[in-house]
Number of protein chains: 2
Amino acid sequence: MSFKRQFIIRRFAETEGAISVLHKEEIGIERLPKRQRQQKLVELIDENPFVTDRELTRRLKVSIQTIRLDRMELGIPELRERMKLMAERSYDQVRSLAAEEVIGDIIDLQLDRSGISIFEIREEHVFSRTQIARGHHIFAQANSLAVAVINDEIALTASADLRFVRPIHLGEKCIAKAYVRTSPGKAWRAKVEVLSYVGEEMVFQGNFIIYRSDDKNR
Amino acid sequence: MSFKRQFIIRRFAETEGAISVLHKEEIGIERLPKRQRQQKLVELIDENPFVTDRELTRRLKVSIQTIRLDRMELGIPELRERMKLMAERSYDQVRSLAAEEVIGDIIDLQLDRSGISIFEIREEHVFSRTQIARGHHIFAQANSLAVAVINDEIALTASADLRFVRPIHLGEKCIAKAYVRTSPGKAWRAKVEVLSYVGEEMVFQGNFIIYRSDDKNR
DNA sequence: TAGAAGTTAGTACCAGGTTCTAAAAGCCTT
DNA sequence: AAGGCTTTTAGAACCTGGTACTAACTTCTA
């Protein structure tokens with residue numbers, strides 16, 4: 001989740017001894033050995049990516065050149081580059097959020113008959129403690145698909161009946177299959193059954209009643 | 001949604017006439033009158049906030065000074081400032097997303113008894129065509145609340161029974177009230193009823209069965 | 001035709017760096 | 001104690017993408 005993970009490869013093996021007592025007392029502040037300082041550097045930038053090198057010199061009590069050498073070694077880009085990366089990331093997010101008309105990718109759709117969508121469970125969908133997907137995401141996939149499969153101007157969920165058969169975990173790909181159960185274009189409410197699978201295993205089942213705007217069928 | 005709306009106040013009244021034909025032909029490219037150019041400038045920065053002034057000179061066929069005067073007049077910050085703003089915004093978002101353990105704001109919670117949450121329907125929750133909230137957001141609020149109200153290490157939705165009583169529109173505030181129906185701490189599945197209101201009107205009703213991790217109760 | 005509005009040019013300066021060279025300081029080993 | 005290594009510091013030149021300011025030139029308009 002944190003900033004560093006985007007581009008920092010860390011390997012801090014052993015820690016090292018203290019430094020010259022003489023110099024330590026001359027300067028009057030404790031300076032860390034290289035490894036520890038670099039670790040601290042990563043932490044500082046991680047907790048505030050907007051920090052400048054000059055600020056870091058004050059926090060770590062070394063010269064600005066040392067800070068810059070450290071950033072080099074650790075592969076940490078300069079402040080402006082960090083901000084640019086963050087800005088680009090958020091820009092992409094905005095774009096993809098706007099495109100999120102539907103939860104999950106619909107990979108097959110036969111209007112008024114059936115549909116299939118795939119949804120991968122990621123970090124943001126699970127309880128952090130258990131790594132189990134929150135129910136409403138599973139529902140959102142099924143509901144989106146049920147609405148999409150109805151061939152009408154307007155389609156709204158009227159009611160639903162859900163069974164979460166087994167917990168779904170981080171990383172699993174959830175495949176939802178929707179089947180329209182009523183004859184198309186006649187009733188102004190459609191019955192849609194959605195079954196979700198991980199592999200062969202059924203993990204969720206839902207029966208939806210969808211209101212449709214029988215515009216086209218009159 | 002777009003970038004400009006963060007800091008640009010626009011008022012483009014009338015458009016103006018064309019420019020000197022003499023000069024036009026000398027240069028060989030059409031240059032816009034001030035107002036139109038500034039409008040175009042806003043559009044260009046809006047569609048790509050990462051554009052430099054130098055690039056803008058190429059697109060608008062005026063000198064870099066003119067670009068900068070225009071940005072001043074329009075109150076558009078320089079590229080680096082724009083990126084910084086976006087980065088800060090996304091940084092805050094990451095923090096708030098991580099905090100999004102629950103959909104809707106829980107304003108009252110009596111564990112194992114009842115709870116209330118408020119959720120305002122915004123742009124991103126509605127069908128753009130009809131301005132009606134997608135069902136899964138309403139469900140998400142109810143489900144989050146039902147899970148939150150259960151006083152257990154782990155609580156998972158096992159099944160649910162939903163009725164979307166009437167459509168909920170953009171801007172409406174949806175107030176969900178959850179009641180635990182089974183005696184607390186005994187059964188390892190709790191029954192929770194959630195009723196959602198807009199004002200006095202009931203708009204959604206759901207009956208949830210929640211699995212609980214009877215850790216605490218053994 | 002004068003003056004205002006609009007446009008362009010140029011210089012000095014800024015933050016927050018990179019790149020490179022070089023020297024000093026600290027540490028370890030023989 | 002000296003040599004050789006790593007580490008740290010220093011400094012100068014240069015970079016991008018600007019701001020701030022002065023000055024002049026062009027165009028429109030009254």
Side-chain angles (χ1 to χ4, degrees), chain A residues 13-27 29-41 44-45 48-87, chain B residues 13-27 29-41 44-45 48-87:
Chain A
E14 59 291 290
T15 45
E16 285 163 32
I19 64 152
S20 157
V21 177
L22 269 163
H23 210 69
K24 186 172 172 177
E25 300 207 299
E26 272 169 39
I27 295 175
I29 22 154
E30 13 62 53
R31 309 164 87 183
L32 301 165
K34 194 174 181 185
R35 284 273 164 95
Q36 288 179 28
R37 186 190 59 232
Q38 294 193 340
Q39 184 159 19
K40 187 91 184 168
L41 182 85
L44 286 170
I45 293 180
N48 175 22
F50 299 94
V51 68
T52 62
D53 286 1
R54 198 157 301 278
E55 274 222 26
L56 290 167
T57 64
R58 286 195 285 272
R59 313 279 260 110
L60 296 174
K61 312 291 182 193
V62 287
S63 73
I64 203 157
Q65 281 80 357
T66 303
I67 298 290
R68 286 169 179 169
L69 283 173
D70 283 353
R71 274 201 299 99
M72 293 250 151
E73 285 181 25
L74 296 166
I76 302 174
E78 60 165 300
L79 170 58
R80 286 154 172 164
E81 213 55 39
R82 294 196 301 266
M83 293 197 304
K84 191 178 178 188
L85 284 168
M86 295 175 73
Chain B
E14 58 292 293
T15 46
E16 285 162 33
I19 64 151
S20 156
V21 177
L22 269 163
H23 210 68
K24 186 173 173 177
E25 300 207 300
E26 272 168 40
I27 294 174
I29 22 153
E30 13 63 54
R31 310 163 86 182
L32 301 166
K34 194 175 181 184
R35 285 274 164 96
Q36 287 180 28
R37 187 190 59 232
Q38 293 194 340
Q39 185 159 18
K40 187 88 185 170
L41 182 86
L44 286 170
I45 292 180
N48 175 22
F50 299 94
V51 68
T52 62
D53 287 359
R54 198 156 301 279
E55 274 223 26
L56 290 167
T57 64
R58 286 197 284 273
R59 313 281 257 108
L60 295 174
K61 311 292 181 191
V62 287
S63 73
I64 203 156
Q65 279 81 357
T66 302
I67 298 290
R68 286 169 179 170
L69 284 173
D70 283 352
R71 272 201 301 100
M72 293 249 153
E73 286 181 25
L74 295 166
I76 302 174
E78 59 165 301
L79 170 59
R80 286 153 173 163
E81 213 56 38
R82 295 197 299 268
M83 293 197 305
K84 190 178 177 186
L85 285 168
M86 295 174 74

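Everything numeric here is computed off the predicted structure, so don't read it as measured data. Chain identifiers are assigned alphabetically (A, B, ...) following the order of the sequence lines, protein sequences preceding nucleic acid strands; residue numbering begins at 1 within each chain.
Mapped onto DNA chain D by nearest heavy atom, B:Gln65 and B:Arg80 fall at different nucleotides, with B:Arg80 at the one closer to the 5' end.
With respect to A:Lys84 and A:Glu78, no salt bridge is recorded, no charged nitrogen being found less than 4.0 Å from a carboxylate O. Salt bridge annotation for A:Asp53-A:Arg71: present, with a cationic side-chain nitrogen under 4.0 angstrom from a carboxylate oxygen.
In this entry the distance linking CZ of A:Phe50 with P of C:dG16 reads 13 Å, nearest Å. Between the CZ atom of A:Arg54 and the P atom of C:dG17 there is a distance of 9 Å, rounded to whole Å. When rounded to the nearest whole Å, the span between CE of B:Met83 and P of C:dG17 equals 12 Å. Straight-line distance from the NZ atom of B:Lys34 to the C1' atom of D:dC28: 13 Å, rounded to whole Å. The separation between A:Leu69 atom CG and D:dT9 atom P is 10 Å, rounded to whole Å. Separating the CG atom of B:Asp70 from the C1' atom of C:dT8 is a distance of 13 Å, rounded to the nearest angstrom. Atom CG in B:Asp53 sits roughly 4 Å away from atom P in D:dG18 (whole-Å rounding). Atom CZ of B:Arg82 and atom P of D:dG17 are 11 Å apart (whole Å).
Taking only side-chain atoms of A:Thr66, from C-beta outward, the nucleotide of D:dT8, D:dG18, C:dG17 with the closest atom is D:dT8. Among C:dT8, D:dT8, C:dT7, the nucleotide with an atom closest to any side-chain atom of A:Arg37 is D:dT8. Checking C:dT8, D:dT19, D:dG17 against the side-chain heavy atoms of B:Arg71 singles out D:dT19 as nearest.
Rounding to the nearest 0.5 Å places CZ of A:Arg68 at 10.0 Å from CG of A:Leu56. For the atom pair A:Met86 CE and A:Phe50 CZ, the distance stands at 4.0 Å (nearest 0.5 Å).
Residue A:Ile64 is classed as having no contact, given no heavy-atom separation below 4.0 Å to the nucleic acid. Base engagement by A:Arg68 is indicated by at least one non-hydrogen atom pair under 4.0 Å involving a base atom.
Judged purely by atom type and a 3.5 angstrom limit, B:Arg82 uses its side chain to pair as donor or acceptor with the backbone of B:Val51.
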